[in-house]
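Notes follow the structure.
Letters A, B, ... mirror the listed sequences (proteins, then strands); counts begin at 1.
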Amino acid sequence: MKPSIPKGTRDFSPDEMVRRNFILQTIRNVYERYGFRQIETPAMENLSMLEGKYGEEGDKLLFRILNSGDVTNEIKEKRDSIKTSDLSEKGLRYDLTVPFARYVVMHRNEITFPFRRYQMQPVWRADRPQKGRYREFYQCDADVIGSDSLLNEAELVQIIADVFSALNIGVSIKINNRKILAGIAEILGQADKIIDITVAIDKLDKIGAEKVNEELRSKGVSDDAVQKMQPLFSVKGNTSGKLAFLDTFLEKSDIGKKGIEEVRTLLNYLDTLKFQTALLDLDITLARGLNYYTGAIFEVKVNDTRSTFTSSVLGGGRYDDLTGIFGLPDVSGVGISFGIDRIYDVMLEMDLFDKLNLNKPSTKVLLVNFGSKEEHYALTVLQKLRAADIKAEIYPDAAKMKKQMAYADAYKIPYVLLIGDEEMQSGKLTLKNMTSGEQSKHEVEELMNMLHE
RNA sequence: GUGAAUGUAGCUCAGCUGGUUAGAGCAUCAGAUUGUGGUUCUGAGGGUCGUGGGUUCGAGCCCCAUCUUUCACCCCA
């Protein structure tokens, strides 16, 4: 049998784990500094919790878990009356936000709102893998639920900046507001086509105005509306310029004006915080994000000369009624989600890990195994070293010295301790420094001091 | 889901218009060196050429299917 793993999944070896943990730990530190508390939810959810939450496309990408028991037989027996739920009623989670909404509703009586939670767990999507896209990947979410305040948005933006600055990655934080997009659709008299419109204009940088217009028409947006939309495509300049344009463009849309106001409020907060505005980009074509977003939308792209990465490394936004579908209405939340697998790829491309000096050896000293008599003596030394908090291990077999030394070398263990006949009699153990090759003899107490620093 | 490329030893790759027993470097293991790693030297192991069919006297090479990986679209972290 040839070993294999499912498409789009990966093994992580020790060196990769050191790096992944560094990213995870960096994000965790920032989240906790801002007062977020960690939760975890199950890898699988009941399908009814997942279906219909991510749009048509999302439903297709859900991994469904086959029911246990003799499903094939069930199909044969039921034939025409077979239902999907007879085959599968559980699925792997697609993101962390929907399970969080479910969590909040189920635990509403234990939670004091507003609730700041973070969560770092894998999610699964049955997408076709490609660059920066995996079928199993980690999301690191922070959400504040139970508060309408735009202060939360401001803090999340701060978090994003803190994390990428700690990771030494140059980024551009794109913000927009779903209400502005809704206002645009309203002004165009195409409120029902808001999804098609936003999906199309999101592609502006990528495919250009001409192709966007083409797509809009193919989705049934009227020529008149497409015509009216053109000024949007040529808006340039700084944030206040863009907002001034929107003031006029959306003058007759209440929801649009609300969106503009929200953006202004958020920017005001960030101004007070002396936020580095260079990182921020109000992008009125930014539409990405799931269907459930209702206010702010965030997306982060790498903006660093050392990287060629173009896909987003973070997404997020405000959702006013995600808990409503689970029976708890009028609870608003806002959150962000780091994609650490993509961040890993970016950091690898920029050689950032090498500079971090992360691959510290885990073991400080290896005790050579000379045989059963010496083993017992070595074991007591080993115990003393470990009690003194010195990372130590003994080679488990009385293998040839060459082999044991090669082992220490391979794992970059800086010291080797030799305890043979001579050492046992004198009580002075031979310590070899693997970097310099020098050897010296010391009593156990002395060794503990030497190796401790 | 749509379109394209790819697959030869653990890794990176050679392999001629189809022609004996498929090679190299690195890595691994063993020995040179029975209490000393990283350098050096010597040797060894490791392949149903992704898998299954087909064409042919003969297939790593040609054809079909399928899977993997990669890239683009769709969508997304």
Side-chain angles (χ1 to χ4, degrees), chain A residues 1-10 13 23 27 54-62 93-97 120-141 160 195 198-200 202-203 206-207 211 215 286-291 293 297-302 308-317 335-346 366 368-371 374 395 398-424 429-439:
Chain A
M1 161 107 35
K2 203 173 185 177
S4 66
I5 54 175
K7 185 200 287 206
T9 65
R10 295 147 304 150
S13 294
I23 298 172
I27 295 172
Y54 308 105
E56 221 178 294
E57 199 66 25
D59 272 359
K60 282 191 228 158
L61 299 180
L62 283 176
R93 68 170 163 249
Y94 179 91
D95 73 355
L96 301 178
T97 309
M120 312 200 294
Q121 288 188 275
V123 303
W124 293 268
R125 295 182 188 178
D127 217 339
R128 191 178 283 200
Q130 53 175 280
K131 189 182 178 67
R133 175 173 303 186
Y134 307 99
R135 287 184 143 187
E136 178 184 58
F137 62 97
Y138 266 70
Q139 288 195 333
C140 301
D141 281 36
I160 295 170
I195 305 248
T198 53
V199 166
D202 184 56
K203 294 178 191 160
K206 212 168 169 184
I207 62 177
K211 291 260 172 70
E215 178 163 336
L286 170 65
R288 297 208 160 180
L290 288 318
N291 295 354
Y293 290 135
I297 317 171
F298 307 114
E299 181 176 90
V300 171
K301 289 200 166 170
V302 176
T308 58
F309 222 78
T310 54
S311 34
S312 59
V313 289
L314 175 142
I336 52 171
S337 180
F338 288 88
I340 75 144
D341 302 81
R342 285 179 179 181
I343 292 173
Y344 182 98
D345 291 345
V346 168
L366 174 77
V368 171
N369 189 328
F370 280 101
E374 294 89 341
Y395 197 88
K400 285 184 185 165
M401 176 98 82
K402 179 186 166 74
K403 187 160 180 151
Q404 302 193 39
M405 297 297 269
Y407 173 88
D409 194 52
Y411 282 110
K412 306 239 180 319
I413 297 172
Y415 295 97
V416 169
L417 193 59
L418 296 103
I419 310 170
D421 263 339
E422 197 187 308
E423 284 86 355
M424 288 196 298
L429 315 181
T430 303
L431 183 72
K432 171 159 179 157
N433 179 324
M434 292 296 278
T435 319
S436 64
E438 287 164 7
Q439 292 188 184

Notebook entry, point to check: Checking A:Arg135 side chain against A:Asp127 main chain: does a donor-acceptor pair fall under 3.5 Å?
Noted result: yes

Item checked: Pairing residues for A:Ser311 by the side-chain hydrogen bond (donor to acceptor under 3.5 Å, both in side chains) criterion, not counting sequence neighbours -> none

Next item on the list: Treat primed atoms plus P, OP1 and OP2 as sugar-phosphate and everything else as base, then score nucleotides 67-74 of chain B 5' to 3': B for base contact with protein heavy atoms under 4.0 Å, S for sugar-phosphate contact only, - for none.
Entry: -SS-SBBB

Checklist line | side-chain hydrogen bond (donor to acceptor under 3.5 Å, both in side chains) partners of A:Asp341, counting only residues at least two apart | finding: A:Arg10, A:Arg20

Next item on the list: Fit a plane to each ring of A:Tyr54 and A:Tyr94, take the angle between them on a 0 to 90° scale, and name the class: parallel (under 30°), tilted (30 to 60°) or perpendicular (over 60°).
Entry: tilted

Check: Applying a 3.5 Å limit to both distances, which nucleotide forms a Watson-Crick or G-U wobble pair with B:rG3?
Finding: B:rC71

Note to self: Going by the rule side-chain hydrogen bond (donor to acceptor under 3.5 Å, both in side chains), which residues pair with A:Gln439 if we only count those two or more places apart in sequence or in a different chain?
What the structure shows: none

Notebook entry, point to check: Can you check the A:Asp345 CG to B:rA77 C1' distance for me, whole Å?
Noted result: 11 Å

Checklist line | A:Phe338 over B:rA77, stacked by centroid distance under 5.5 Å, angle under 30° | finding: no

Notebook entry, point to check: Rounding to a whole Å, what distance do you find between A:Ile195:CD1 and B:rC75:C1'?
Noted result: 13 Å

Next item on the list: Starting from C1' on B:rC76, measure out to CG on A:Leu314 and report it in whole angstrom.
Entry: 13 Å

Notebook entry, point to check: With a 4.5 Å heavy-atom cut-off, do A:Asp95 and A:Gln139 have their side chains touching?
Noted result: yes

Item checked: With sequence neighbours excluded, residues passing side-chain hydrogen bond (donor to acceptor under 3.5 Å, both in side chains) with A:Lys402 -> none

Next item on the list: Take atom C1' in B:rG7 and the same atom in B:rC49, then report the distance between them in whole Å.
Entry: 10 Å

Check: In whole Å, what separates the P atom of B:rU6 from that of B:rC63?
Finding: 11 Å

Note to self: Using a 4.0 Å heavy-atom cut-off to protein, can you give one letter per nucleotide of nucleotides 33-52 of chain B, 5' to 3': B if the base is in contact, S if only the sugar-phosphate is, - if neither?
What the structure shows: --BBBB-----------S--

Margin query: Whole angstroms only, please: what is the CZ-C1' distance between A:Arg93 and B:rA77?
Written below: 14 Å

